[in-house]
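The next block holds one structure in the form of structure tokens; read it before the comments.
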Amino acid sequence: MLTTKPGFHHQNETHRETLLKFLALAAVLVGYFGYMSWKFDASTGFGLALLTWSFFVLCTPIADGGFILAFPVRLLFGVKMAVTQVVVWLLAISVNLFMLKLSPDTYDLTFLTTLLEKILTTANPYWAILIISALGTLLSIYFGDEMMDVTTHRAREKHHKHGLKYRAIIVFGLAALTVTAYYHLLSSLGISVPTG
């Protein structure tokens, strides 16, 4: 049985960990926007920051990109991060539809945005990356919701005791599929990956 308390509690160790993760991710995003604005200009920097954020939302099997929005919504309104993640995906897809139509040259400015454009515009085989990433993201956001629901590490350990082995196998499998998919994507783009 989970021990729960409604809302955020700064003395709760699992809530503090989640807050620190959110602050670190927000700092990285703001820093990246600042760097890109300095390197190009503010509007280009903003566009690149949005596209890079959408890359992490759509193309990685962890919920760090969506966590930037899902965590504050969970704190303010109590909406499960898994629900918010669906809205985040729709937002990330909308950003890319807008940028592909009105500013496709922006994708050529960084390595990640070049990869993003290739993944989005080549359905076979690269949309498999989107599917794998969506599955991994749902799993990781489920863990994030659990961390907000439990009040102590002991409660979290007790809750995870039985399902941890199966979850680890699923996460490892999704990570292996993602790495394989990215390896083939990079090879198709003529980018060699150092092997040692």
Side-chain angles (χ1 to χ4, degrees), residues 18 21-22 24-26 28-29 32-33 36 44-74 79-147 163 166-193:
T18 306
K21 178 182 175 184
F22 168 75
L25 289 171
V28 167
L29 186 62
Y32 184 77
F33 164 69
M36 287 298 161
T44 304
F46 181 72
L48 286 170
L50 272 179
L51 288 176
T52 302
W53 167 80
S54 74
F55 175 87
F56 285 105
V57 169
L58 299 172
C59 303
T60 60
I62 53 174
D64 289 346
F67 189 74
I68 294 280
L69 295 176
F71 178 70
V73 169
R74 171 71 193 251
V79 177
K80 293 278 190 184
M81 289 188 280
V83 173
T84 308
Q85 188 65 33
V86 173
V87 176
V88 167
W89 280 331
L90 293 174
L91 182 60
I93 290 167
S94 299
V95 164
N96 280 282
L97 290 173
F98 178 82
M99 293 298 282
L100 283 168
K101 185 173 176 78
L102 296 179
S103 186
D105 295 343
T106 306
Y107 287 90
D108 299 330
L109 298 176
T110 70
F111 176 71
L112 279 183
T113 53
T114 301
L115 285 181
L116 176 62
E117 181 183 31
K118 185 72 171 179
I119 291 167
L120 295 176
T121 58
T122 311
N124 186 15
Y126 302 127
W127 282 10
I129 292 173
L130 300 174
I131 294 165
I132 293 165
S133 298
L135 293 172
T137 298
L138 281 175
L139 189 63
S140 66
I141 209 77
Y142 172 76
F143 292 151
D145 273 329
E146 281 186 352
M147 282 191 70
Y166 299 111
R167 290 176 186 164
I169 290 169
I170 292 169
V171 169
F172 178 75
L174 289 171
L177 283 171
T178 304
V179 168
T180 303
Y182 274 111
Y183 179 79
H184 289 295
L185 171 59
L186 293 175
S187 296
S188 74
L189 293 173
I191 299 166
S192 62
V193 180

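Summarising the geometry, atom CD1 belonging to Ile132 is positioned 12.0 Å from atom OG1 belonging to Thr60; distances are rounded to the nearest 0.5 Å. Note: Leu112 CG to Leu116 CG = 8.5 Å, rounded to the nearest 0.5 Å.
Nearest approach of Ile119 to Cys59, heavy atoms of both residues: CD1-SG, 3.9 Å. Contact record, Ile93 with Leu58: CG1-CD2, 4.0 Å, taken as the closest heavy-atom pair. The shortest non-hydrogen separation linking Asn96 to Ala92 is ND2-O, 2.8 Å. Nearest approach of Thr113 to Leu109, heavy atoms of both residues: OG1-N, 4.2 Å. Here the closest heavy-atom approach between residue Thr106 and residue Leu51 is recorded as CG2-CD1, 3.8 Å. Taking every heavy atom of both residues into account, Leu120 and Trp127 meet most closely at O-NE1, 3.1 Å.
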Show your reasoning for whether side chain to side chain contact (heavy atoms under 4.5 Å, CB included) applies to Trp53 and Leu91. CA-CA 11 Å; Trp53 167 80; Leu91 182 60; 3.9 Å; yes
Go through Glu117 and Leu100 one step at a time and tell me if the side chain to side chain contact (heavy atoms under 4.5 Å, CB included) criterion holds. CA-CA 8 Å; Glu117 181 183 31; Leu100 283 168; 4.2 Å; yes
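Although no hydrogens or angles enter the test, the distance criterion places no donor-acceptor pair under 3.5 Å between the side chain of Ser103 and the main chain of Met99.
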